[in-house]
Amino acid sequence: MKIALPSEKKFSIDKHVILLFIIFFISGDTYLCGTNSNEVILTLARAANVLIIIYVLYLMRFRLQFSNNKCKVYAYVVMVILFFGISMLHQDNINRIGVVIIYMSLSLLICMQFSFEEYVRCFNLVMYFISVFAILFTVLAYIFPKFIRTFPVIVNSSGARIYTCGFAGLLEGVVGEPAVRTQGIFWEPGVFQIYLNLAIAFELLYKEKIESKKIIAYIVALFLTFSTTGYIVFIWIVLSYSFLKKSKNGNSVAKRISIITLLLVIGVIVLHFTPIWDMVFGKIVDRNNENFGSMTTRMAGIIVSSRIAVENPLVGIGMNSMNEEFFSVAYSLRSILGGWTHDNTNTLFYRFAAHGIPYGLFFSIGTFKFGNCIGKGKGILTIAIFIMLFLMYIGENLQYSIFPYTIIFYGYGWKESIRYSDK
């Protein structure tokens with residue numbers, strides 16, 4: 001007599017999720033591989049990105065599947081030619097040019113290898129993992145700040161020290177403070193909020209069924225960033241969900257609005273009657289700061305960049321000249337800005353100033369078209385998503401990042417992406 005033993009379930013590894021996590025981990029948006037002061041680490045990270053490009057090409061069997069990705073490939077070719085030509089004209093640093101082209105190329109291959117639906121699934125799984133680790137590491141910092149100070153330290157390019165557990169990090173200056181700003185694997189909480197808010201937008205505005213554990217993790221992690229921009233973007237996403245997202249499970253717009261309004265009122269009350277209010281919104285206009293707070297920096301990103309772009313409309317001023325020219329123009333406009341700054345923190349407007357209006361428009365149109373991927377071609381949701389991205393980009397210049405280019409290539413190929421997802 002044979003006894004049938006129950007078979008064990010095979011352990012399965014989601015290669016796409018692992019691949020996307022590795023890409024995020026070694027990207028220019030992290031404290032380990034983006035702002036690390038150790039040049040050896042940065043060089044290894046860039047080499048790793050090239051290896052990933054080769055690996056993704058291998059997954060494609062070195063066939064670019066042009067027929068399903070024409071618009072994406074055309075957009076890539078135009079952007080690379082424009083970017084390379086303009087950068088060479090301005091004699092920009094060849095290493096900077098190479099890094100950006102590497103990220104452009106990797107972004108294109110991600111968009112070709114992942115259908116948009118698959119990208120959303122993998123993106124949210126990766127962000128859920130990062131969010132959980134970020135929350136746990138932050139809670140640990142509240143309870144045992146001395147223990148956190150025993151973790152390995154990474155020094156970034158500005159000289160700031162970051163304690164890291166590998167999958168999350170915290171700036172030295174926030175450990176032991178009343179409000180510990182979480183940043184996950186990213187170099188700054190403001191960058192973390194961009195990824196978190198996109199994950200929230202995917203859950204609320206794209207997916208038919210919201211996964212409660214994920215959305216809770218994203219929101220808690222977002223709250224712990226104490227990012228002014230992050231909070232504003234989150235409110236915009238929630239309002240878009242309340243008024244614009246059609247539901248198939250019977251949730252009426254009125255019911256959504258009632259729930260969201262109640263949550264927002266509770267949130268405002270909690271923030272207003274705690275030190276968090278001053279920390280998050282007080283920094284917008286800080287008269288004790290020589291440049292009068294972050295509002296000056298945010299305004300400068302738009303106004304100063306626009307002035308530079310208008311004065312150099314075709315090819316901008318290049319990357320090498322940006323810091324000096326930006327500060328000079330910002331100082332001359334200090335009466336309008338209420339101060340001055342040398343930081344251009346705007347992802348969209350930086351492109352107009354550095355590379356000219358044609359390149360900036362091409363960059364912005366692709367960003368706008370990305371809303372079609374989430375809104376599935378619905379015009380009003382497309383506009384709402386663009387406003388969301390515009391607000392996200394106000395506070396951070398993702399100059400060396402795969403994030404904006406992935407958005408752009410999916411945007412230009414949104415019809416292809418939707419067809420591919422439906423197969």
Side-chain angles (χ1 to χ4, degrees), residues 13-30 33-34 42-84 87 95-127 185 194-195 198-199 202 347 359 362-363 365-367 369-370 372-374 398-421 423:
I13 298 176
D14 193 322
K15 292 181 179 179
H16 273 180
V17 174
I18 299 297
L19 175 63
L20 197 61
F21 176 80
I22 293 171
I23 290 171
F24 283 5
F25 194 78
I26 63 173
S27 76
D29 293 330
T30 65
C33 302
L42 295 183
T43 302
L44 290 173
R46 290 160 189 169
N49 277 290
V50 174
L51 291 176
I52 290 176
I53 288 174
I54 296 171
Y55 174 69
V56 177
L57 285 171
Y58 166 75
L59 291 179
M60 296 178 176
R61 301 297 185 267
F62 293 93
R63 294 193 298 270
L64 292 182
Q65 303 170 5
F66 183 72
S67 60
N68 293 328
N69 297 282
K70 288 181 181 179
C71 293
K72 300 184 188 80
V73 174
Y74 289 150
Y76 168 80
V77 171
V78 170
M79 293 197 77
V80 168
I81 291 174
L82 282 175
F83 174 79
F84 183 77
S87 298
N95 288 334
R96 300 172 78 176
I97 296 171
V99 169
V100 174
I101 291 178
I102 286 172
Y103 286 136
M104 281 187 187
S105 303
L106 183 54
S107 298
L108 172 70
L109 293 176
I110 290 172
C111 294
M112 295 175 73
Q113 176 66 17
F114 293 72
S115 69
F116 185 69
E117 183 178 359
E118 177 71 358
Y119 180 76
V120 170
R121 184 187 71 83
C122 295
F123 184 97
N124 278 24
L125 281 170
V126 170
M127 288 308 301
I185 63 173
I194 291 176
Y195 282 80
L198 183 61
F202 284 157
T347 296
Y359 183 88
F362 197 85
F363 190 99
I365 291 169
T367 304
K369 284 178 173 291
F370 177 74
N372 287 299
C373 295
I374 295 180
L398 301 183
Q399 187 178 356
Y400 306 108
S401 171
I402 64 167
F403 185 94
Y405 297 109
T406 305
I407 295 294
I408 287 168
F409 297 140
Y410 271 126
Y412 276 110
W414 74 271
K415 289 183 180 179
E416 299 164 340
S417 297
I418 294 298
R419 286 199 299 268
Y420 189 28
S421 296
K423 288 182 180 180

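Sequential numbering from 1 along the given sequence is applied to the chain's residues.
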Please give me the minimum heavy-atom distance between [X] and [Y], naming the atom from each residue.
X      : Y      : result
Leu108 : Lys72  : CD1-O, 3.7 Å
Tyr405 : Ser107 : CB-OG, 3.5 Å
Cys71  : Gly413 : CB-CA, 4.0 Å
Gln113 : His16  : NE2-NE2, 3.4 Å
Arg46  : Ile102 : O-CD1, 4.5 Å
Gln399 : Val100 : O-CG2, 4.0 Å

Inset, instruction - Taking ring-ring contact (aromatic ring centres under 6.0 Å, His included) as the test, write out the residues that go with Phe403, two or more places apart. - result: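 Expected list: Tyr195.
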Counting C-beta onward and ignoring hydrogens, is there a side-chain heavy-atom pair between [X] and [Y] closer than 4.5 Å?
X      : Y      : value
Lys369 : Ile365 : yes
Leu19  : Ile52  : yes
Ile407 : Leu198 : yes

Inset, instruction - Using atom types as modelled and distance alone, determine if a side-chain donor or acceptor of Tyr103 lies under 3.5 Å from a backbone N or O of Gly28. - result: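 Yes; at least one donor-acceptor contact below 3.5 Å.
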Legend entry - Contacts of Thr347 that satisfy side-chain hydrogen bond (donor to acceptor under 3.5 Å, both in side chains) - sequence neighbours left out: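 For Thr347, no residue satisfies side-chain hydrogen bond (donor to acceptor under 3.5 Å, both in side chains) once neighbours in sequence are set aside.
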Inset, instruction - Identify, with sequence neighbours excluded, every residue that meets side-chain hydrogen bond (donor to acceptor under 3.5 Å, both in side chains) alongside Tyr400. - result: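 Per chain and number, Tyr400 pairs via side-chain hydrogen bond (donor to acceptor under 3.5 Å, both in side chains) with Arg96.
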What's the separation between atom [atom1] in [X] and atom [atom2] in [Y], rounded to the nearest 0.5 Å?
X      : Y      : atom1 : atom2 : value
Ser401 : Ile194 : OG    : CD1   : 8.0 Å
Phe409 : Met79  : CZ    : CE    : 5.5 Å
Ile110 : Ile53  : CD1   : CD1   : 9.5 Å
Cys373 : Phe370 : SG    : CZ    : 6.0 Å

Inset, instruction - Taking side-chain contact (heavy atoms from CB on, under 4.5 Å) as the test, write out the residues that go with Ala199, two or more places apart. - result: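 Partners of Ala199 under the side-chain contact (heavy atoms from CB on, under 4.5 Å) test: Phe123, Asn124, Met127, Tyr218.
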Legend entry - Contacts of type side-chain contact (heavy atoms from CB on, under 4.5 Å), residue Ser27, not counting sequence neighbours: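 Counting only residues at least two positions away or on another chain, Ser27 forms a side-chain contact (heavy atoms from CB on, under 4.5 Å) with Asp29, Thr30.
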Inset, instruction - Could you give me the CA-CA distance, side-chain angles and deciding distance for Leu109 and Met60, then say whether side-chain contact (heavy atoms from CB on, under 4.5 Å) is met? - result: CA-CA 9 Å; Leu109 293 176; Met60 296 178 176; 4.1 Å; yes
Inset, instruction - Name the orientation class of the two ring planes belonging to Phe116 and Phe202 (parallel below 30°, tilted from 30 to 60°, perpendicular beyond 60°). - result: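 Aromatic pair Phe116/Phe202 classed perpendicular.
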Inset, instruction - On the 0 to 90° scale, with breaks at 30° and 60°, tag the Tyr410-Tyr119 ring pair as parallel, tilted or perpendicular. - result: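 Rings of Tyr410 and Tyr119: tilted, as their planes differ by 30° to 60°.
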Inset, instruction - For Arg121, enumerate each residue passing the salt bridge (charged side-chain N to carboxylate O under 4.0 Å, His left out) test, keeping only those at least two apart in sequence or located in another chain. - result: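 Expected list: Asp14, Glu118.
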Inset, instruction - Go through Phe363 and Phe83 one step at a time and tell me if the ring pair (Phe, Tyr, Trp, His ring centres under 6.0 Å) criterion holds. - result: CA-CA 11 Å; Phe363 190 99; Phe83 174 79; over 10 Å; no
Inset, instruction - Start with the C-alpha gap between Phe24 and Ile402, add the side-chain angles, then the distance that decides, and say whether side-chain contact (heavy atoms from CB on, under 4.5 Å) holds. - result: CA-CA 8 Å; Phe24 283 5; Ile402 64 167; 4.1 Å; yes
Legend entry - Any donor-acceptor N or O pair under 3.5 Å, side chains Ser105, Tyr76: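 A pair is found: one side chain offers a donor N or O, the other an acceptor, under 3.5 Å apart.
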Inset, instruction - Before giving the answer on side-chain contact (heavy atoms from CB on, under 4.5 Å), spell out for Leu125 and Leu20 the whole-Å C-alpha distance, their side-chain angles and the decisive distance to 0.1 Å. - result: CA-CA 10 Å; Leu125 281 170; Leu20 197 61; over 6 Å; no
